[in-house]
Every structure is written in structure tokens, then in C-alpha cells.
Amino acid sequence: MKRYLNFLWTNRYSVLLACLLAAGAGWFALQGMPKSVFPSVVFPKVDVLIHTDNLPVRFMLLEVTEPMEEVAKGEPGVRMVRSQTSNGITKLHVYFNPGVNPDLAYLMLQARLAHVPLPAGAQMSVRQMTPNIYPFAQYALVSNHIGSAAMMPTFAFSIRPSILSIPGIYRVQGTGRGWPEVDVNLQPRRLAQYHLNPDAVLNALKAAQGPFYSGILDAYHEQFILATTPRPDNVASLGRLTLPLGPPDSSGARTPLPLGAIATIHTGPPPIVREAAVGGYQHALLINISAQQGANVSAIAAKVATRMQALSHHLPQGVHLIKAYDLNHLIHSSLHDTWIALVLGSAIAWVVVLFFLRRWEGSLATLLVVPLAVLATLLILRTLGFGLNVITLGGITAAIGAMIDHAIVVLESGLHTLKGDGRQRRQQTVRRMVRVLPLMTLATLTSCIIFIPLIFLTGTIGILFRQMALAIVIALIISQIVALVALRQIEWVGGRMLWSGRALNWS
């Protein structure tokens, strides 16, 4: 140990240069680390939801739940399948073994479930359980005069495409009453007049949906595919839609007949199956925004807020866009708490060293060593692919105390009551550090052993707390390395910058 400390002193300029490079690299790593609320992890679980138009429970159990369970249990790597069945709804929770690749298992399960025949009109959604499926921000379209069904076109054709164009956005979902419904009430007398039945009108409407291929246009050295569609954009144009339902002509083909001639058409809200509410407004449509896996949620949330602010100036009369919640403030508050702990810890260590040792260079070293250890820890976490979230920040915050302890112990043992000239003081410092550094190393290893078992935990607890345990262990080891390598050199620089190592005169 004595030979090692003499080597560090001989090469102190190289050691200081390495410390500066590590601090700079840690700062750049901090700027590039993704910031989110939860860590970027994948749970070995997939949720499957099938919903239909209120089919009976027994029918859903026999025709949907049991076939889905059979297919899911046959997928390799599946450990357990749990199901829930109610009127028109089937929900499956598929759990995989810990060693299975969750991304591949999710895709394979989705492909197998797609081959199961479902009742007409049934919709299926397969979701991989990751923290990013939960929205990080929620906005709301609100109004006291316009219903949520009438606000659906604004959400679907204006807000949703604009938010999805932001890089890093995973899903934008609207929660409200749903799309407005167009009711076409056929008049029996008019149907009898034209010798029609409801099935003929329904088939004609289905055939007129479009779009239809109309040809190819060669112009401007480019080729354009032409498509036409008679799809109306409002109730009045739907009433003017012509269908081949009129009286037969001389060739036997039916002549065009407007739909309004045989039916009355009006628009109304859909049945109340689900509804959203915001305090202070009669009608609301909630907008849930989720980020992609591993994305920088903090940067994305700022872009979403800017985009929403611009969209709020182009809303229909009587409709307002408000923010319900945004988890970006939680990310910033966690970062703020970490910096506060860092500043307070460094200040307390500076006061302790300055008061007891009465040396400016030692107190200056405590102000530099803790930020250096934190930046080096961030560099290692960035190399491992981790981001800044409540888990990793909690680990760093918990380890700041050990960093401060390392700084105080090394400085106190190395600088307290030194006597003689510069050479004699350096020899005394080396002898003291030879005694204290092995004990500090054993204490650091003891602290690491406490958290190392958390790294090997399985299940949800292991997935969540593995990054926190790694952050704590890395921070403890880095602070010990800083104590072994850089602390004496930083103190030496402080002594050169200030009083050439002379003690303070308190008289």
C-alpha cells in the first residue's frame, strides 16, 4: 500500500488529468442519459383483452376464453395463465418463465392468438407489461356545451396525429363516450314504393364505402395512383348519396336513388358505455400519452407540452385543452432532491473538515471529491445502459453518505496534526493512509455485500430493485476508488492553489 501511494504521488499530474477526464465524461453522460419515472425494464407477463358487444358470460367462456387459454398454455416458456370472463369481455394474464426472452415471447404469443377465430365484431389487444404502457401525461378536451362524442373528430384528426409525430411517442389514446353515431331510419312506405327491403339498402351502403381504384396518371415524370370515394363527410351529404336502388330502366339495371328519399338521417351520441369527467366541466375527453421503451420521457414531455400549447389555439368554439397531470415534474423533483443531497452533503463535509482540521486545502478536497464520485458513477451507469429514474437516483442518493464519509475519514486521518516540513508531512500522511485505507476498503466491501443479493432477486421485486442495488454498489466502489486514488492529489492541488498547505490561524 505504501508503494502504491508513493506511485500515486509521483504520477499526481497524470492522476489529476484522469480525474478531470472522468468528471467531464460523467457530465456528458449525464446530459445523454434518458430521464423517466420508472426504469426501462420488461416484466415476463403479457395481458390479452378481448371485448365484444355484450355477449353472455357463458358464450364468452366457451367461444373465447377456453380457446384462448388452450393456445396460450401451449406457447413455449409459459409458466401460468389466468383468465377473467364477464359479459362481452375476456381477459388473460400470461406469465412466462424468468429465463424467457420477453420480447420474443410476446411476439410469438401474439402470432399464435391471432389464429384463434373470434366472434363477429370482437376486438383483441395484446400488451407486453412494461412501465412505458402507462401514460406519463394526460390532457383533456373539455367543454360545457359540446359532448365528448362531438369532440372525437378534433382528437382523431388534429391532436392525435400531431402528438404521434413527436419522436419517442408510443401511444395516444382517447377516453370518452366514443364516436357519434349516424342513425338511418328507413321509411317502410318508401321501401314498398321502390320494391326494396332493408337488406338491399344495407348491401348498397356497404358497396359504396370505397375508396375505389380509378386508374394511374402519368404526369411531371411521376406516376400517381388515382382513387375515388363517395364517402360523405356530414349528414346532409349522406342524404344526397346516390345508390342503385331506383326503378329499373330499360336494361333492367336500377337507376340511382338518393338515400334521403327512402330514409331519415340524424346524428346522435353513442350509448353510455364509458364516460370521462373533469371537475368544473360538463363534458370531457381524456387524452393519455405513453412513451416508447427506453425513451427520454423528460424531453418528450416538454415537446408534448409545447405542441399542446400550439394546438390549443386551433380548437373549435367552446372547446378547451387542459393538462390533467404530467409526471415530468416528478422526474425533475427527483433530480432536484439528488442535487440538494449532493450540495448539502458536500457543504457539511466541508464545514466538518474546515472546523476540525483548520486546513483550506483539505476542505476544498471535500467539495471536489463528492461531485467527482457522483459523475464517475453516472458514467458507469450510462455505460451499462441505465437511465435516470426514481430507482437509480434513489441508489445514488443513498450512497452519497458513504462518499462523504470516505472523504472525511481519509482527510482527517491524513492531515490531522501534521508536523515538520513538506517532505516529513507527506511521509506522515502516507503512513496514516496505509493504516486506514485497508480498513475503509473492508468497510466498503461489507456495505456492498448487503446490497449485492438484491441484484440476483427474481420476479417483479428483482426487476425493479436490481438497478437500485447496482447503483448503490457502483457508487460505493467508485467513492472508494476516489478515496484510494484522487483524494490526496485533490488536496495537494488545493494546497498549491491556496496557502501552500499552511494551517489556518484561528487566533
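None of these values were measured; they are calculated from a predicted model. Along the sequence shown, residues carry numbers from 1.
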More than 12 heavy atoms of other residues, nucleotides or ligands under 6.0 Å from [atom1] of [X]: is that the case?
X: His313; atom1: NE2; answer: yes
X: Phe28; atom1: CZ; answer: no
X: His266; atom1: NE2; answer: yes
X: Glu181; atom1: CD; answer: yes
X: Leu21; atom1: CG; answer: yes
X: Gln317; atom1: CD; answer: no
X: Tyr134; atom1: OH; answer: no

Distance alone, cut at 3.5 Å: any donor-acceptor contact between the side chains of [X] and [Y]?
X: Ser83; Y: Thr65; result: no
X: Arg177; Y: Ser148; result: no
X: Asn288; Y: Gln138; result: yes

Side chains of [X] and [Y]: closer than 4.5 Å at any heavy-atom pair?
X: Leu141; Y: Leu315; result: yes
X: Gln467; Y: Asn389; result: yes
X: Val94; Y: Val81; result: yes
X: Leu381; Y: Ile396; result: yes
X: Val64; Y: Val116; result: no
X: Met124; Y: Ile50; result: yes
X: Thr90; Y: Val48; result: no
X: Arg307; Y: Ser165; result: yes

Point to revise | Residues Leu384, Ile474; criterion side-chain contact (heavy atoms from CB on, under 4.5 Å); working and verdict | key: CA-CA 11 Å; Leu384 295 177; Ile474 291 172; 3.6 Å; yes
How long is the gap from [atom1] on [X] to [atom2] on [Y], to the nearest 0.5 Å?
X: Ile340; Y: Ser333; atom1: CD1; atom2: OG; value: 12.0 Å
X: Glu63; Y: Leu55; atom1: CD; atom2: CG; value: 9.5 Å
X: Ile262; Y: Tyr194; atom1: CD1; atom2: OH; value: 8.5 Å
X: Ile289; Y: Ile300; atom1: CD1; atom2: CD1; value: 10.5 Å
X: Gln128; Y: Asp103; atom1: CD; atom2: CG; value: 5.0 Å
X: Asp47; Y: Tyr95; atom1: CG; atom2: OH; value: 7.5 Å

Check your understanding: Partners of Trp27 by ring-ring contact (aromatic ring centres under 6.0 Å, His included), sequence neighbours excluded?
Key ->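 For Trp27, no residue satisfies ring-ring contact (aromatic ring centres under 6.0 Å, His included) once neighbours in sequence are set aside.
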Quick one: does [X]'s side chain have a donor or acceptor within less than 3.5 Å of a partner on [Y]'s backbone?
X: Ser162; Y: Ser158; answer: no
X: Asp326; Y: Ala137; answer: no
X: Arg254; Y: Gly246; answer: yes

Exercise for review: Apply side-chain contact (heavy atoms from CB on, under 4.5 Å) to the pair Leu109 and Phe96, showing each step before the final yes or no.
Suggested key: CA-CA 11 Å; Leu109 178 64; Phe96 292 91; 4.0 Å; yes
Exercise for review: Sort out for me which residue in Leu372, Thr377, Leu378 forms a side chain to side chain contact (heavy atoms under 4.5 Å, CB included) with Val374.
Suggested key: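 With Val374 as partner, Leu372, Thr377, Leu378 yield a single side chain to side chain contact (heavy atoms under 4.5 Å, CB included), made by Leu378.
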Closest heavy-atom contact between [X] and [Y]?
X: Met308; Y: Ile159; value: CE-CG2, 3.9 Å
X: Gln173; Y: Phe155; value: C-CZ, 3.7 Å
X: Val46; Y: Val126; value: CG1-CG1, 3.5 Å
X: Pro316; Y: Thr154; value: CG-OG1, 3.5 Å
X: Ala200; Y: Leu245; value: O-CD2, 4.0 Å
X: Ser143; Y: Met151; value: CB-SD, 4.3 Å

Check your understanding: What do the steps show when you test Val184 against Val201 for side-chain contact (heavy atoms from CB on, under 4.5 Å), and what is the final call?
Key -> CA-CA 10 Å; Val184 179; Val201 179; 5.9 Å; no
Check your understanding: Do Ile146 and His283 pass the side-chain contact (heavy atoms from CB on, under 4.5 Å) test, and can you show the C-alpha distance, the side-chain angles, and the key distance before you say yes or no?
Key -> CA-CA 7 Å; Ile146 302 176; His283 308 283; 5.9 Å; no
